[in-house]
Structures are given as structure tokens and as C-alpha cells.
Amino acid sequence: MFGLEDIRSVVRAVEKHHEWMKKCLPMIASENVTSPAVREMLVTDFGHRYAEGRPGERLYEGCGYIDEVELACVRLAKELFGAEHANVQPTSGVVANLAALFALTDPGDTILGLRISHGGHISHHDISAPGVRGLNVEYLPFDEDDMVIDVDSMVRKIEEVEPSVVMLGASLFLFPHPVKEAVEAVEAVGGYVVYDAAHVLGLIAGGQFQDPIREGAHVVTGSTHKTLPGPQGGIVLCQRDLADDIDEAVFPGLVSNHHLHHVAALAVALAEFKEYGERYARDTVKNAKALAESLYAEGLAVLCEHRGFTESHQIAVDVREQGGGAVIAEKLESANILCNKNLLPWDDESKSHDPSGIRLGTQELTRLGMGPSEMEYIAELIADVVLGRREPSEVRKDVEELRREFQEVKYGFGSGVGAHEWSRLADW
Ligand code: DSN
């Protein structure tokens with residue numbers, strides 16, 4: 001009886017969440033929605049099974065079809081990114097970064113990464129993956145006005161500290177990173193470049209951001225659910241000579257069983273991206289620029305006006321004058337506009353609960369079919385809240401009205417394409 005009540009309350013909360021999300025503007029830059037075709041894969045029997053090891057060399061029986069799917073997923077990833085090797089087993093982006101660090105470093109080594117306030121992810125820092133590996137982390141020099149890594153200082157720093165790894169890529173990631181220069185400098189001291197592409201993986205695959213593999217990065221890591229709208233999980237792409245070290249770092253190093261339903265869902269997402277990726281990535285970046293321009297025109301302090309605001313799916317806004325990131329993100333949530341508070345370069349990192357800024361992403365709104373004219377209107381709604389021109393509860397009504405027209409996931413295989421046949425796969 002109690003069990004049933006518990007289940008009902010969980011189901012009710014999930015249903016309420018779904019209903020509410022349909023009325024919101026999802027602008028958290030690290031999220032996205034999967035297509036119906038990808039979702040079908042997530043509820044298949046693959047989610048019940050074990051397949052430790054590599055395809056064809058499993059430690060369990062019963063993996064014939066699982067091997068087929070994982071090999072397809074690896075092939076699609078290699079094709080889409082032009083990579084020599086792909087490992088699709090990491091269960092998250094942090095696990096992918098851990099795998100790269102376990103493969104390329106020894107405890108006690110030094111690595112370089114971006115400060116969190118400069119956009120670096122926690123898994124580039126000793127509080128996370130590098131700490132687990134016993135590494136010393138030093139910081140990449142950063143130009144706070146241009147929101148880019150300072151190339152000359154970076155090269156000097158690499159020569160000085162001789163890092164095993166230079167971690168590029170970021171969570172606040174407006175402009176490309178100097179991959180070629182980092183590769184040249186770090187190879188001279190016997191190290192590697194790991195490019196964490198979590199945020200921009202889909203933009204890279206769609207040809208709308210820098211291409212770290214072509215620029216020489218030894219390893220590219222990522223999560224598979226941000227601008228690449230796949231299932232939540234991780235991926236590592238690398239040069240052929242590092243393949244065995246990466247594979248061994250993932251298994252048996254960091255995962256026992258990987259998540260097989262994730263692999264099936266990722267294979268479908270990658271196939272979708274071959275079809276729709278270029279257009280989706282282009283529209284996402286176009287929307288980010290349009291949103292930034294409109295917010296700036298409304299009087300908000302969008303970072304990097306002098307550089308065109310952004311070249312990715314993200315924009316950053318300094319809202320110190322309006323009460324700070326925490327207050328503003330909460331007010332926006334009251335208007336059903338979801339974004340996150342974010343540290344900006346001048347913030348003390350101990351202030352992550354009360355930073356100067358907010359970060360906004362356009363990848364999910366784009367996926368729902370919105371374009372530059374919607375960005376302009378959304379900028380007006382955001383400015384209404386941020387500048388206190390209207391009560392969030394008033395703005396919420398306009399948000400709900402706007403969102404009513406945008407309920408379907410675009411740029412993916414939907415219910416019109418084989419969903420009938422796929423739906424029986426969930427029948428377990
Ligand atoms: N740190 C998360 C973000 O950028 O939102 C991703 O892991």
C-alpha cells in the first residue's frame with residue numbers, strides 16, 4: 001500500500017514537471033531535449049543488460065546485438081567527427097575527462113586548465129577529476145575583456161610548467177580556444193591537449209565552431225546531451241595511437257558496465273545529426289547572436305559586444321546592477337524562463353552561489369523550432385524581468401502563450417519516422 005502511494009507521488013511529480021516544462025523557456029546552456037526516436041532507445045531491454053569489455057571481447061554472453069549497436073555507434077561517431085577512434089562507454093562527461101587524465105598522466109603530474117570563474121568546468125580542477133588522479137592544476141592565462149585564453153601567456157606558461165595535459169574547452173564558452181598553439185607548445189614538452197567539447201560538441205559536428213580534431217587536439221571529450229542532443233552520457237574521441245590507453249582507462253579503469261541503452265540512443269542521435277546537424281548548429285549560433293544583440297539593445301550588460309557577443313550557443317550577461325546572478329535567475333524562473341546563475345571572470349570562486357552573471361543558451365529553443373524573431377521577443381521578456389519593468393508573474397503569461405506554439409522537437413526523427421515500429425521495442 002505504502003509502496004503504491006510512493007510510486008503515485010513520484011509519478012505525479014514527474015507529470016507535473018513535464019506539464020510545467022511545456023510552459024517554460026528552457027535556456028540552461030548544458031541541456032537539450034531528445035527526439036522521440038532517441039527516447040525509444042532509452043527504454044529498451046538494452047537498459048537491463050551487461051556487456052563489460054569491448055565489442056567482440058565481452059565478459060558476458062548475450063551481447064551479439066549489443067555489439068552490433070555499439071559498433072554502429074562508434075562508426076557514426078568517427079564519421080561525424082572525423083575521428084580516428086571513438087569510445088562511447090563513458091557514463092558522463094566527467095567520466096570521459098577522468099578517462100583522458102588516467103590515460104595521459106601519472107599522479108603528481110601538473111596539468112593546465114581554465115579557472116572556473118573563467119569558464120572552466122569543475123572536472124578540470126582538483127576538486128574533481130584531476131584531484132582523483134592526484135594531479136596539480138595550474139591555470140591558463142585568460143583575457144577577461146575578450147573572454148579568450150591569452151595565447152602568448154599560455155605558451156610561456158606551458159614552457160614554464162611543462163604540463164602533461166593542457167585542458168581546453170569550458171562551461172562558459174563563448175569563443176574558440178587556441179588548440180593549434182597549445183598543441184605545438186605542449187608537444188615540445190612531451191604533453192597532450194585534451195579538448196573538453198561537452199558544450200560545443202553539436203556545434204563542432206555541425207561545422208559551426210572550431211574543429212579541435214583538425215586543429216590537432218590529441219583527445220576530445222564531451223557529454224552527449226548539450227548542443228549534441230543525445231542521451232545523457234559521455235564520449236571520448238582520440239588519435240589512433242592513444243586508443244588502447246583510452247579504452248583501458250574507461251574499462252576496466254572507470255566503468256564496469258557501461259549504459260547500453262545510452263549507446264543505442266546515442267547511435268540514433270548521431271545518425272540524426274548526420275541528417276540535421278549542420279542546419280541545427282547554424283540556427284543555434286544564429287539565435288544566440290540574435291538574442292545577445294536584442295538583449296544588448298534592451299540595455300542589458302551582455303558580455304563581449306566588441307567581439308559580436310558570441311560564436312557559440314551561449315551568451316553571458318552581467319547582472320550585478322540588478323541584484324546579481326542568483327536573484328535574477330530566480331526571478332526569471334518565476335517567469336518560467338530557465339537559465340543559470342554563473343560566475344563571471346572577476347568573481348571570487350567562493351561566490352558560486354551568488355555570482356555576478358547569468359548564462360543563457362539557445363540550443364534547446366532552437367530545437368523547439370524558434371528563430372531570430374522569437375529571440376527578439378524573448379529578449380524583451382527577459383529584460384522586462386531583469387530591469388524590473390514588469391512582475392515575473394505577468395511575464396509568465398506571455399511566456400506560456402509563446403511556448404504554446406513550440407511543443408515539438410525539430411531537427412530529429414520524430415513520430416512520423418518509424419516511431420510505430422520503434423515503440424514495440426519499449427514493450428518489456
Ligand atoms: N557544469 C555544467 C554546465 O555547464 O552547466 C555541465 O556539466
Side-chain angles (χ1 to χ4, degrees), residues 21 24-34 90-101 113-132 137 140 142 147 167-177 194-204 209 220-236 254 259 262 266 284-285 288 303 310-317 325-326 328-330 332-333 337-345 347 349-367:
M21 284 303 287
C24 289
L25 294 175
M27 302 185 74
I28 290 176
S30 47
E31 298 179 348
N32 215 321
V33 275
T34 48
T91 48
S92 73
V94 172
V95 171
N97 281 340
L98 262 173
L101 293 175
L114 272 180
R115 278 183 193 281
I116 295 173
S117 57
H118 291 163
H121 189 243
I122 51 167
S123 62
H124 307 177
H125 290 278
D126 43 15
I127 50 169
S128 176
V132 173
V137 181
L140 284 163
F142 194 69
M147 293 295 284
M167 291 290 294
L168 299 180
S171 284
L172 178 59
F173 202 176
L174 303 178
F175 302 104
H177 281 176
V194 176
Y195 182 104
D196 181 344
H199 269 274
V200 292
L201 201 62
L203 306 184
I204 292 168
F209 202 67
V220 172
T221 59
S223 47
T224 52
H225 49 264
K226 297 182 168 73
T227 52
L228 185 88
Q232 289 194 331
I235 190 168
V236 184
L254 295 162
H259 297 167
H262 157 84
L266 180 60
T284 297
V285 176
L303 266 57
T310 185
E311 289 177 27
S312 75
H313 60 301
Q314 299 183 359
I315 65 175
V317 186
I328 291 301
E330 214 169 290
L332 286 168
E333 180 177 338
I337 299 171
L338 306 179
C339 70
N340 64 291
K341 55 182 177 284
N342 217 90
L343 289 168
L344 295 180
D347 285 331
E349 284 180 8
S350 65
K351 274 187 50 180
S352 57
H353 293 288
D354 185 23
S356 297
I358 54 171
R359 183 187 64 169
L360 298 156
T362 54
Q363 71 296 335
E364 196 169 337
L365 298 180
T366 307
R367 187 111 161 114

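Counting convention: from 1, in listed order, for ligands and their atoms alike. Counting begins at 1 with the first residue of the sequence. Remember, it's a predicted structure, so these values are computed and weren't measured experimentally.
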Within the 4.0 Å heavy-atom shell around [X], which atoms of ligand 1 are there?
X: His121; result: 1 (N), 6 (C), 7 (O)
X: Ser171; result: 1 (N), 4 (O)
X: Lys226; result: 6 (C), 7 (O)
X: Arg359; result: 3 (C), 4 (O), 5 (O)
X: His199; result: 3 (C), 4 (O)

Subject >> Distance-minimising heavy-atom pair for Ala129 and Ser123 >> reply: CB-O, 3.5 Å

Subject >> Between Ser117 and Glu349: side-chain donor-acceptor atoms closer than 3.5 Å >> reply: yes

Original post:
Going by distance alone, is a donor N or O of one side chain under 3.5 Å from an acceptor N or O of the other, for Asp196 and His121?
Top reply: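 Result is no, nothing qualifies.
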
Original post:
For Phe175, which residues count as a ring-ring contact (aromatic ring centres under 6.0 Å, His included) partner, sequence neighbours excluded?
Top reply: none

Original post:
Taking only residues two or more places apart in sequence, or in another chain, which ones meet Ser223 in a side chain to side chain contact (heavy atoms under 4.5 Å, CB included)?
Top reply: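 Side chain to side chain contact (heavy atoms under 4.5 Å, CB included) list for Ser223, sorted by chain: Ala198, His225, Lys226.
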
